[in-house]
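Worksheet for the structure shown next.
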Amino acid sequence: MTLSATFEQMRPEPLFPLFAPVTSLKGVGPRIAKFIERLAGPHVIDVLWHLPNGMIDRRHSPSIANAPDGAIITIVVTVDQHHPPRNKRQPYKVTCSDGTGSLSLVFFHARPDYLLRILPEGEKRAISGRVEHFGGEAQMPHPDHIESVEKLESLKTIEPVYPLTAGLAPKVLRKAIDSAIETVPTLNDWLDPAYREKNGWSNWRDALLSAHRPSSPTDLTPLSPARMRLAYDELLANQLALALVRHNMRRLSGRPQAGNGKIRNMVRQNLPFSLTASQETSLTEIEADMASGDRMLRLLQGDVGSGKTVVALLSMLVAVEDGAQAALMAPTEILARQHFASIETLLQGTGVRLAILTGREKGKARQAIIDGLHEGEIDIAIGTHALFQEGVAFRDLGMAVVDEQHRFGVHQRITLAAKGKAPDVLVMTATPIPRTLVLTAYGDLDVSRLTEKPAGRQPIDTRALPLDRIAEVIGGIKRAAQDGARIYWVCPLVEESETLDVAAVEDRHRQLAEIFGDRVGLVHGRMKGPEKDAAMEAFATGKTVVLVATTVIEVGVDVPEATIMVIEHAERFGLAQLHQLRGRVGRGAERSSCLLLYASPLGETAKSRISIMRETDDGFRIAEEDLRLRGAGELLGTRQSGIPEFRMADLAHHQDLLATARDDAALVLSRDPDLQTARGKTLRLLLYLFERDAAIRFLRSG
Ligand code: ADP
Ligand code: MG
């Protein structure tokens, strides 16, 4: 049926040049390509999405005598004389003149032969750069452009300024972008003409071009017509892709599942606590969805530690009571194992057959699990993405839970959902996502929220300290450990920033081992699975009292005895991440604390993040603040996982567009579910353009 998904559809031809590698651009060889890929992405289209964040107006052409201090000027000069420096500390100077006065071009670390070649004495040159008056002399340090006289007029433009990365010269990047711009095809417009007109937007190509050619500072703002149009395109692609997934899931009608409550009662009796009111409410909502004939597509949002796991288990048991199977998919091996362990305990004495399947189950053991799933001898499967790989088939999957869903892409969501006969789907997120982002990450899902923490939790005492007081901190945790505390010590990841001076986990581990001996453990992403488990296990059982870790412990890890969280270089983490990390403590009855160690001086955004962390532990508030701070244009050092990263849209400014895009997408699909009409076909282009290819697999070919 509708999974004509089976025919892998191809990217439309007009888009080919846009998805060529960046090495196809002028002046981009393998070396430059690396920088550009890091900055923008691997394809020409990524370079095109890299928009200017500033501009330089080079249209002013005063005489030297009249050039104001600090102004950017573009003029023709005669090169008078070269003055090589007398020692290394002095700059190389080239004096020039225009009949009204003289101007010194100033070069530090100059290559004389090169300067002699581009600035021959006695000849005229067009130059552009900033003039400064220094000790009565007009100077231009390192002119931005030195060209032949004929080029004067072409230099006198407004030049876009692009965000850069270390190692990439502005000119090289600009040349690559200019060359990318030449490849931009004219595409049939996918926007509703009336809507486009109402907003005064141009077609996609013109909008993209004018976004790269600002003529006034307002053209650089998110609310300029060109940027609004591009943002809308992206949001429409996003909403359309999500709507297609949903539409398709709903095409398969659901199966009423009610269960008889027997196993759930046993489990409830096993619980050492009673459920919170919002856990109960969420369960009621989930049970009602499952009992109905419509397919469940529900998002369970709950802050770290709000107790999602038990809700997931009780929901899965509805299907199991009806003789169907259930699956819980976690984003990491550690989490899958942890869910397995806690669910195994909760299921004791119930007779429910539980299995775990991750990349680590191999050979015969793996085959036995796969057979068990196929034959229905396993009731609940817990695992990583290994669960939805080729060759894994369930006898009758009735319910699928996806934990920390935002780590998975739409594509994986689709594959999992295709495994059963329209299983009910519960998606769980630990990041309390603001409403807006729920829409971008999931579309219009039904939402249950766990709004309260289980009883008995104490607030976490959060403090910020400069890194140079680290010795004190180490002394403090030493005393705490003697009193029986267990401590997480988190270091930032070493990747992507050779230039940053990162305290590597291993160094820190070695240093702490001098104090704690073998009572300090280590866990990071490059360790093998069993090693990681062993390290977690040792910390969970108290064999180690300090666990030095990277953000691998960010999501979901549960050691209620841990009461101290030290985060080194806290300024390098995003708010949501800090909140997730802090959520690893404060899970038991003991009072917990969180120490944010930062490198001084703190930037404005980092300062705000840290003070928000100190002010509140309300995940929803933190998520809103995070959005606000990120909206301010701050580039986070460490990517927050989860929420789709938009290239053109900025949700701090384009929220209204999002709502319109959602309605537009819904309307389109209600009239043209397979995107077959003329507009439908152009919308397919749009999906490809923003790489929402996975969703296209849902369309009947056409
Ligand atoms: P998360 O929502 O972060 O996945 P978990 O499901 O891991 O949270 O639960 C965190 C801890 O709280 C676990 O140790 C769990 O057993 C415990 N817990 C869950 N629900 C309750 C409750 N109603 N009362 C007390 N403790 C609870
Ligand atoms: Mg969890």
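In each ligand, atom 1 is the first atom listed, and ligand 1 is the first ligand listed. Here the structure is a predicted model, which means the values were calculated and not measured.
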For ligand 1, the portion of Asp303 having any non-hydrogen atom under 4.0 Å away: backbone
Under 4.0 Å from a heavy atom of Leu275: which atoms of ligand 1 are those, numbered in the order shown and with their elements? 23 (N)
Is any NZ, NE, NH1 or NH2 atom of the basic residue among Arg609 and Glu625 found under 4.0 Å from an Asp or Glu carboxylate oxygen of the other? no
Looking at ligand 1, would Ser342 count as a contact under a 4.0 Å heavy-atom criterion? no
Close-contact set for ligand 1 against Ser306 heavy atoms, below 4.0 Å: 2 (O), 8 (O)
Tell me every residue that passes salt bridge (charged side-chain N to carboxylate O under 4.0 Å, His left out) with Arg337, counting only those two or more places apart in sequence or in another chain. Glu333, Glu361, Asp533
Output yes when the distance from some N or O of ligand 1 to some N or O of Gly307 is under 3.5 Å, and no in every other case. yes
Sub-4.0 Å atoms of ligand 1 with respect to non-hydrogen atoms of Thr276: 23 (N)
Can a non-hydrogen atom of Gly302 be found less than 4.0 Å from any atom of ligand 1? no
Taking only non-hydrogen atoms of Ser274 and a 4.0 Å limit, the atoms of ligand 1 in range are 22 (C), 23 (N), 24 (N)
As a check for students: among His339, Gln580, Lys308, identify the option with a heavy atom nearest to atom 1 (P) of ligand 1. Lys308
Go through ligand 1 atom by atom and flag the ones less than 4.0 Å from a non-hydrogen atom of Thr309. 4 (O), 5 (P), 6 (O), 7 (O)
Measure Arg587 to ligand 1 on non-hydrogen atoms and call it side chain, backbone, both or neither using the 4.0 Å cut-off. side chain
Asp403 near ligand 1, heavy-atom distance under 4.0 Å? no
Cationic N near anionic O, under 4.0 Å, Arg508 to Glu568: yes
Any side-chain heavy atom of Asp424 within less than 4.5 Å of one from Gln257? yes
Hey, are Arg360 and Glu531 close enough for a salt bridge, meaning a charged N less than 4.0 Å from a carboxylate O? no
When you check the side-chain N and O atoms of Arg582 and Thr462, is any donor under 3.5 Å from an acceptor? yes
For a 4.5 angstrom cut-off between non-hydrogen side-chain atoms, does Leu300 reach Val427? no
Given side chains that start at C-beta, do those of Arg395 and Glu375 come closer than 4.5 Å, heavy atoms only? no
